[in-house]
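As structure tokens, the structure follows; a few thoughts come after it.
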Amino acid sequence: MLTTRPRGTNDILPGEVEKWRWVEDQFRRVCVEYCYGEVRTPVFEHTELFQRGVGDTTDIVSKEMYTFVDRGGRSITLRPENTAPAVRAYLENKLYAGPQPVKLFYIGPMFRYDRPQAGRFRQFHQVGAEVFGADDPYVDAEVVAMAMNFYKDLGLKNLELHINSVGCPECRPVLRRELKKYFQPLTGILCRDCQERFEKNPLRILDCKVERCSEAGRNAPTTIECLCANCSDHFSQFKKGLELLNLPYIVDRRLVRGLDYYTHTAFEIMVPDIGAQSSIGGGGRYNGLIETCGGPPTPGVGFALGTERIILTMERQEIKIPGALPPDVFVVTAGQGADAEAFKLLFSLRSSGLSADKDYMGRSMKAQMKYAGKTGVRFVVILGEEELANGTAQVRDMGACIQEAIKLDEVAQYLTGRGKKKSRKS
RNA sequence: GUGGGUGUAGCUCAGUCGGCUAGAGCACCAGAUUGUGGCUCUGGGGGCCGUGGGUUCAAGUCCCAUCAUCCACCCCA
């Protein structure tokens, strides 16, 4: 073999791809139900969009981006997420001039240069949604509800909805000050990463999984305690929205999302069945992002869900996904003389809307039958010299093991009539 | 970026203390009195034993490196 697929990428083959289509179709259906419009942005963007939008200090930008210089000398980056591109598209196409809010959804591949692991890839896929222009906490609740209903429609179980509020530019400095005050005497205990976090972003210490750090942070001031009146109000309205929709949630003060642009609401959906990468979706509010990207001050909320992790969860939870349909007809020839007629018949069956195939390997009739059996095809049409002579074909029902002679020019009609009770196999 | 596990046929794996032409099951292809699938039987194709070095009379087996892959840290979906 010349080469293999690049590390952390996957081929999605027939048999597997049906699951993907199923999941994505379900997502589209839910989005349409919620009146979101699909947007398709380029898979690559100018690097500065992510540097400024997502934030220079984040892990994604500082060490996980696929960045290259194109032939025109521009710095290009394969998108590591789709929120910043959606914002760019909103501004570039002046969607702010139309009716507000603007509700968008997207489906597609993302790229991050990470070390692959269970549920983590370098090219991975997300479905996501964004709302631009509305600050109403009920929109935060709507967005969460949309994700949760999508999961529910797929049949996922054991989901935990974690929520938090990370504050706004007004109250974040207060929290920062409080956290520094709290952790100051404890810096000796903290892990090396957290020593650094203490200086740069003490909020992230709460997120650390090293035991002595989480131990040290046990009585730390929470984001929620330091919220300004406005943020605090927004958060309780958000929770009320979830309660109105009967969505159970866990307030998780340790939930601090890694991207710089979040304000107010942050949420994450966890599932225990898929290994260490247990988050199958997350999102939040980003009221500063659109302005950062050069637009008018505009609030925004959204989420992204990982398609691979959703499918992995469905497999672990043994949720059945409709598979591919077996073909309707296979044309079998008996003897060399019938091949030309079989070829013509095949195409007339196809133009009648039947999924049909024939042998192209020059195989014996027995081998053709064997092959047809393996494909799970419902009907076999047999064409031999004898049939050619009297203008008929043998039509065999593979499930019932019965066959009868049908006039050659009536085969398509006969089969389309019988094909109606076709059912999906799962 | 860091740590650990694993690389033998298309797939799942055996292969002893280093010792003959490297095996099984499944899959694939072909046959079983010449026009009919599933079951059964018979046969066949297919292996640079991940790659490169080293030790040895001799390496799939031991050592080193490298690559890939899996899992975890980190981070996130």
Side-chain angles (χ1 to χ4, degrees), chain A residues 1 3-10 13 54 58-64 79-83 107-128 147 191-194 196-197 204 207-211 213 255-259 266-271 274-283 302-313 330 332-338 359 361-388 393-403:
Chain A
M1 194 172 35
T3 185
T4 56
R5 62 180 198 273
R7 178 157 217 217
T9 64
N10 285 111
L13 302 174
V54 179
T58 59
D59 280 20
I60 291 179
V61 173
S62 62
K63 51 187 192 192
E64 294 173 6
R79 62 182 182 199
E81 55 99 58
N82 216 152
T83 299
I107 294 173
M110 309 295 157
F111 306 85
R112 289 182 203 173
Y113 191 91
D114 249 1
R115 189 106 172 233
Q117 154 185 358
R120 193 171 76 185
F121 310 95
R122 289 184 172 178
Q123 175 174 338
F124 62 102
H125 298 75
Q126 290 184 332
V127 303
C191 72
R192 209 193 303 156
D193 286 336
C194 282
E196 219 172 289
R197 290 181 182 127
R204 300 288 294 280
D207 205 23
C208 186
K209 277 146 201 148
V210 176
E211 205 175 320
C213 298
L255 173 58
V256 182
R257 311 225 74 228
L259 286 65
F267 64 91
E268 199 160 326
I269 299 103
M270 322 282 273
V271 72
I274 56 169
Q277 306 300 318
S278 57
S279 165
I280 57 169
F303 64 73
L305 318 178
T307 310
E308 284 85 354
R309 291 185 188 175
I310 289 169
I311 289 172
L312 185 60
T313 306
F330 191 81
V332 165
T333 53
Q336 301 289 314
D359 174 70
M361 304 288 284
R363 280 190 272 232
S364 69
M365 180 184 182
K366 191 186 177 76
Q368 290 179 52
M369 288 298 295
K370 208 168 168 181
Y371 176 85
K374 267 181 281 204
T375 63
V377 70
R378 270 193 76 195
F379 296 99
V380 159
V381 174
I382 301 162
L383 222 50
E385 328 243 318
E386 212 173 287
E387 286 76 16
L388 284 182
Q394 292 290 326
V395 176
R396 181 178 181 83
D397 183 324
M398 294 295 273
C401 283
I402 0 177
Q403 74 184 53

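Every chain is numbered from 1, with letters handed out A, B, ... down the list of sequences.
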Which nucleotide, [options], lies nearest any side-chain atom of [X]?
| X | options | value |
| --- | --- | --- |
| A:Lys366 | B:G37, B:C74, B:A77 | B:G37 |
| A:Met365 | B:A77, B:U36, B:G37 | B:U36 |
| A:Glu386 | B:G35, B:U69, B:G37 | B:G35 |
| A:Lys374 | B:A77, B:G38, B:C29 | B:C29 |
| A:Ala118 | B:A77, B:U36, B:A72 | B:A72 |
| A:Gln277 | B:A72, B:U36, B:C76 | B:C76 |
| A:Arg115 | B:A72, B:A77, B:U36 | B:A72 |

With [atom1] as the reference atom in both, quote the distance from [N] to [M] in angstrom, rounded to an integer.
| N | M | atom1 | answer |
| --- | --- | --- | --- |
| B:C20 | B:U16 | P | 10 Å |
| B:C62 | B:C74 | P | 34 Å |
| B:A58 | B:C41 | C1' | 42 Å |
| B:C11 | B:C17 | P | 28 Å |
| B:U55 | B:U61 | C1' | 14 Å |
| B:G47 | B:U12 | C1' | 16 Å |
| B:G50 | B:C67 | C1' | 8 Å |
| B:G54 | B:G15 | P | 29 Å |

Write down the atom of [X], the atom of [Y], and the distance for their closest heavy-atom approach.
| X | Y | value |
| --- | --- | --- |
| A:Gly282 | A:Leu305 | N-CD2, 4.4 Å |
| A:Phe330 | A:Gln368 | CE2-O, 4.0 Å |
| A:Val54 | A:Thr58 | O-CG2, 3.5 Å |

Taking pairing as Watson-Crick or G-U wobble with both contacts under 3.5 Å, can you name the mate of [N], or confirm there isn't one?
| N | value |
| --- | --- |
| B:U12 | B:A24 |
| B:G31 | B:C41 |
| B:G1 | B:C73 |
| B:A68 | B:U6 |
| B:C57 | B:G19 |

Base, sugar-phosphate alone, or nothing: which one does [X] contact when heavy atoms must sit under 4.0 Å apart?
| X | answer |
| --- | --- |
| A:Ile382 | base |
| A:Ala372 | nothing |
| A:Glu81 | nothing |
| A:Arg363 | sugar-phosphate |
| A:Gln403 | base |
| A:Gly119 | base |
| A:Glu387 | base |

- Going by ring centres under 5.5 Å and near-parallel planes (under 30°), is A:Tyr371 stacked on B:G37? no
[X] has an atom [atom1]; how far is it from atom [atom2] of [N], in whole Å?
| X | N | atom1 | atom2 | answer |
| --- | --- | --- | --- | --- |
| A:Phe379 | B:G37 | CZ | C1' | 15 Å |
| A:Leu255 | B:A77 | CG | P | 11 Å |
| A:Asp114 | B:C70 | CG | P | 14 Å |
| A:Gln117 | B:A77 | CD | P | 14 Å |
| A:Lys370 | B:A30 | NZ | P | 8 Å |
| A:Asp59 | B:U2 | CG | C1' | 14 Å |
| A:Phe111 | B:A77 | CZ | C1' | 14 Å |
| A:Ile310 | B:C76 | CD1 | P | 19 Å |

Point-to-point distance, once rounded to the nearest 0.5 Å, from [atom1] of [X] to [atom2] of [Y]:
| X | Y | atom1 | atom2 | value |
| --- | --- | --- | --- | --- |
| A:Ile280 | A:Ile311 | CD1 | CD1 | 11.5 Å |
| A:Glu81 | A:Gln126 | CD | CD | 7.5 Å |
| A:Met398 | A:Thr375 | CE | OG1 | 7.5 Å |
| A:Tyr371 | A:Asp359 | OH | CG | 8.5 Å |

- Side chain to side chain, A:Arg363 and A:Met369, heavy atoms closer than 4.5 Å: no
- Message: Given the structure, check if the side chain of A:Arg120 and the base of B:C70 hold any donor-acceptor pair shorter than 3.5 Å.
- Response: no
- Item | Upstream residue (5' side of RNA chain B) when A:Thr9 and A:Met398 are each assigned their closest nucleotide | A:Met398
- Comparing A:Ser364 and A:Cys401 on RNA chain B - which has the more 5′ nearest nucleotide: A:Ser364
- Output yes when at least one side-chain N/O atom of A:Arg396 is less than 4.0 Å from OP1 or OP2 of B:G37, else no. no
